Peer 1: 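Right, I'll just put the structure down here and ask away after.
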Amino acid sequence: MMRWIRWIAPVFVVLVSVMTALHSSSASAADLEKARALVAEVAEEGVREVVGANVPQAEKIARFRTLFDRYFDMPSISRFVLGRSWKDADAAQQARFVDQFRELNVYTWARRFKDYNGQKLAVTGVQADGDSGAYVDTVVEQTEGQKPLSVRWRLRMREDGWRVVDLIVEGVSMAITYRSEYSAALSDPSVTVNRLNDLIGLQIQQMKAQQPS
Amino acid sequence: MGQEMSHRASGFAAAFLPLRRWRKGGLRAALLGTVLLTATACANGDNGANDPLEPMNRAVYKVNQAVDYVLLRPLAYAYRDGLPDPIQERIGNTLRNLASPVVLANDLMQGEWDRAWSTFMRFLINSTWGLAGLHDIAAPMGFKRHDEDFGQTLAVAGVDEGPYIVLPLLGPSNARDAVGRAVDWAMDPVRILAAAKNWDEFQWTRTGLTVVDARASLIDPINEIERSSLDTYVALRSMYRQRRAAEISNQPGGYGSGVDGSDFDFQDPPKTQ
């Protein structure tokens with residue numbers, strides 16, 4: 001009887017550890033599946049509710065802003081693009097930056113709404129990025145004659161699920177490009193976060209003025 | 001890991017193999033010169049932007065922008081919007097076919113045998129059944145197009161990018177890629193043949209179409225940068241560096257941007273009002 005237990009105990013331990021490993025890896029596979037689903041959802045909702053919807057541009061912009069806030073982690077992205085200067089800014093400046101950076105993105109994308117002509121986005125793959133991140137690879141059709149763009153979505157796991165933190169278009173990260181731009185601007189001693197906020201405010205005003213109705 | 005290292009080493013060795021043939025020419029000197037320049041630039045310390053020549057670069061960038069505005073941009077628009085798509089596609093195919101011997105040489109120097117085979121088959125198939133490159137019939141056969149250049153070969157061999165340089169007329173580059181361009185130009189068998197035969201019209205047409213075709217494909221991205229960027233010079237510098245890193249990794253779509261994902265995680269709560 002005792003001999004039998006001695007033999008079975010290590011097997012049992014191995015079995016349990018294998019099952020734990022399998023369980024944890026299948027859990028992360030489920031998470032990756034959720035990441036893929038989220039990107040597909042953003043694309044589908046973007047087409048149905050925004051670019052493909054038969055509503056005025058102002059309504060499209062409002063809907064897009066809602067979508068953006070829901071799926072993108074704008075506070076984190078804003079902190080990332082501001083880099084070390086985030087800590088130099090006071091709470092009011094930080095809040096203004098987060099708000100304006102989101103508006104800048106909303107209006108940058110809004111200009112492209114009219115270019116939508118049934119182009120499709122296909123999810124081509126998903127992979128883990130460290131412990132609590134994921135990359136979702138997509139291919140976006142372009143207007144005729146141009147080769148499709150590869151767009152990689154970078155996601156981070158937050159308390160209530162995945163959030164998009166970056167789009168890497170043909171190898172170029174939007175977050176890193178913005179960060180380079182802002183850190184270059186802020187390296188000038190006369191440019192504070194406050195001044196940067198003013199400059200971005202001007203950009204937004206210009207873009208609003210150029211918006212088609 | 002070990003495999004990667006040996007791959008790197010063979011790429012390194014391969015990158016310098018052709019030097020034996022260049023001993024008489026000035027290319028080796030130019031190459032060494034830039035490697036040294038790169039080394040000195042690195043010794044100057046990393047300032048993030050890696051742009052010690054920024055004032056000069058900005059001046060060149062301004063001139064380039066002016067030339068672009070009056071000449072290149074209008075030509076690119078005429079090419080993109082004026083020519084029927086099938087014709088543009090055939091011009092693009094032909095240009096890429098003419099460039100493929102240089103791609104092949106760089107594939108080989110990097111020890112990328114599969115990609116070299118693909119480039120070789122593309123050149124063979126498209127030059128013959130593809131009617132001198134007019135049609136890319138190799139791609140549907142599984143030999144997909146890719147780009148490769150000597151700047152990337154140097155990068156695979158471990159050469160650092162060196163300081164950012166805006167080249168007159170050619171635009172964003174760096175010390176390593178500028179040398180790469182010169183080497184690609186020097187070793188291009190199509191150019192050497194055409195020069196030997198005095199096919200001047202061919203040379204001018206090829207160069208002109210290459211530039212216009214490239215600019216046409218960049219119309220939308222550049223317009224976008226000009227409209228949404230605070231400082232287009234800085235945006236282009238950042239994008240050029242990222243794009244090159246992605247190209248060097250040989251997986252432009254799958255490149256992870258070189259920043260750790262946790263850089264987007266912030267533990268400390270935001271300041272309260």
Side-chain angles (χ1 to χ4, degrees), chain A residues 73 75-77 79-80 86 89-92 94-95 98 104 107-108 111-112 124-125 127 129-135 137 139 142 144-147 149-152 154-156 165-166 168-173 175-185 187 196 199-200 203 206-207 210, chain B residues 47-49 51 54 80-81 83-89 92 145 216-217 219-221 223-225 227-266 268-273:
Chain A
D73 183 354
S76 294
I77 303 171
R79 284 192 68 163
F80 176 86
W86 176 267
D90 65 33
Q94 289 174 349
V98 174
L104 179 73
Y107 282 97
T108 303
R111 265 198 324 245
R112 301 179 188 142
T124 53
Q127 68 182 80
D129 165 33
D131 288 339
S132 49
Y135 285 120
D137 291 327
V139 171
Q142 290 212 83
E144 50 175 322
Q146 299 186 64
K147 68 171 193 169
L149 283 179
S150 68
V151 180
R152 175 168 253 217
R154 191 173 211 170
L155 288 82
R156 300 295 297 170
V165 292
D166 196 9
I168 303 164
V169 182
E170 294 281 329
V172 177
S173 145
I176 294 174
T177 307
Y178 275 116
R179 189 177 64 173
S180 316
E181 241 186 285
Y182 294 154
S183 78
S187 70
L196 184 67
L199 289 172
I200 298 172
Q203 273 189 299
Q206 270 178 5
M207 285 198 231
Q210 291 162 359
Chain B
N47 65 351
D51 191 2
E54 183 166 344
R80 188 188 73 168
D81 301 335
L83 280 181
D85 286 344
I87 296 195
Q88 281 181 53
E89 199 183 315
R145 174 168 81 87
S217 70
I219 288 176
D220 289 333
N223 284 352
E224 198 59 48
I225 297 165
R227 276 180 301 203
S228 64
S229 172
L230 274 180
D231 183 346
T232 54
Y233 173 85
V234 176
L236 277 175
R237 183 176 67 195
S238 172
M239 291 169 128
Y240 178 77
R241 180 167 295 139
Q242 294 181 57
R243 181 88 185 116
R244 289 298 284 174
E247 283 172 348
I248 290 159
S249 77
N250 278 351
Q251 40 174 340
Y255 182 64
S257 82
V259 163
D260 203 272
S262 61
D263 287 3
F264 289 94
D265 300 341
F266 300 95
D268 55 317
K271 291 179 190 175
T272 44
Q273 302 262 356

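Worth saying up front: this structure is predicted, and the values here are computed from it rather than measured. To find a chain, count down the sequence lines: A is the first, B the second, and so on, and within it residues start at 1.
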Peer 1: Which answer fits Arg237(B), side chain, backbone, both or neither, if we ask what part of it has an atom under 4.5 Å from a heavy atom of chain A?
Peer 2: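 For Arg237(B), the contact with chain A is made by the side chain alone.
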Peer 1: Taking all non-hydrogen atoms of both residues, which atom of Phe80(A) and which atom of Asp263(B) are closest, and how far apart?
Peer 2: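 Closest approach of Phe80(A) to Asp263(B): CD1-O, 3.6 Å.
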Peer 1: Any donor-acceptor pair under 3.5 Å linking the side-chain atoms of Ser238(B) with those of Glu181(A)?
Peer 2: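 There is no such pair between these side chains.
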Peer 1: With only heavy atoms counted, which part of Leu196(A) is less than 4.5 Å from chain B, the side chain, the backbone, both or neither?
Peer 2: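 Contact with chain B is through the side chain of Leu196(A) alone.
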Peer 1: Among Pro75(A), Ser76(A), Ala184(A), single out the residue with the greatest number of heavy-atom pairs under 4.5 Å to chain B.
Peer 2: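 Winner by heavy-atom pair count: Ser76(A).
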Peer 1: For a 4.5 angstrom cut-off between non-hydrogen side-chain atoms, does Pro221(B) reach Glu170(A)?
Peer 2: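 Contact flag for Pro221(B)/Glu170(A) side chains = no.
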Peer 1: What are the two closest heavy atoms between Arg227(B) and Met207(A), and how far apart are they?
Peer 2: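 Heavy atoms only, the tightest pair is O-CE, 4.4 Å.
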Peer 1: Check whether any side-chain heavy atom of Ser132(A) sits under 4.5 Å from a side-chain heavy atom of Asp265(B), and report yes or no.
Peer 2: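 They are in contact (side-chain heavy atoms under 4.5 Å apart), so the answer is yes.
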Peer 1: Heavy-atom count around Asp131(A) CG within 6.0 Å, excluding the residue itself: above 12?
Peer 2: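 No, not enclosed.
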Peer 1: Are the side chains of Phe264(B) and Asp166(A) in touch, meaning some heavy atoms are under 4.5 Å apart?
Peer 2: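 When only atoms from C-beta onward are counted, Asp166(A) and Phe264(B) do touch, with a gap below 4.5 Å.
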Peer 1: Using heavy-atom distances under 4.5 Å, tell me whether Tyr182(A) contacts chain B through its side chain, its backbone, both, or neither.
Peer 2: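 Just its side chain gets close to chain B.
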Peer 1: If you take all heavy atoms of Arg154(A) and Asp260(B), which pair is closest and at what distance?
Peer 2: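 Residues Arg154(A) and Asp260(B), closest heavy atoms: NH2-C, 3.6 Å.
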Peer 1: How many angstroms lie between atom CZ of Arg243(B) and atom OG of Ser173(A), to the nearest 0.5 angstrom?
Peer 2: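 If we round to the nearest 0.5 Å, Arg243(B):CZ and Ser173(A):OG are 13.5 Å apart.
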Peer 1: Output the distance between atom OG (Ser180(A)) and atom CZ (Arg241(B)), rounded to the nearest 0.5 Å.
Peer 2: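 Reported to 0.5 Å precision, the distance equals 8.0 Å.
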Peer 1: Closest heavy-atom contact between Arg111(A) and Ser228(B)?
Peer 2: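 Closest approach of Arg111(A) to Ser228(B), heavy atoms only: NH2-CB, 4.2 Å.
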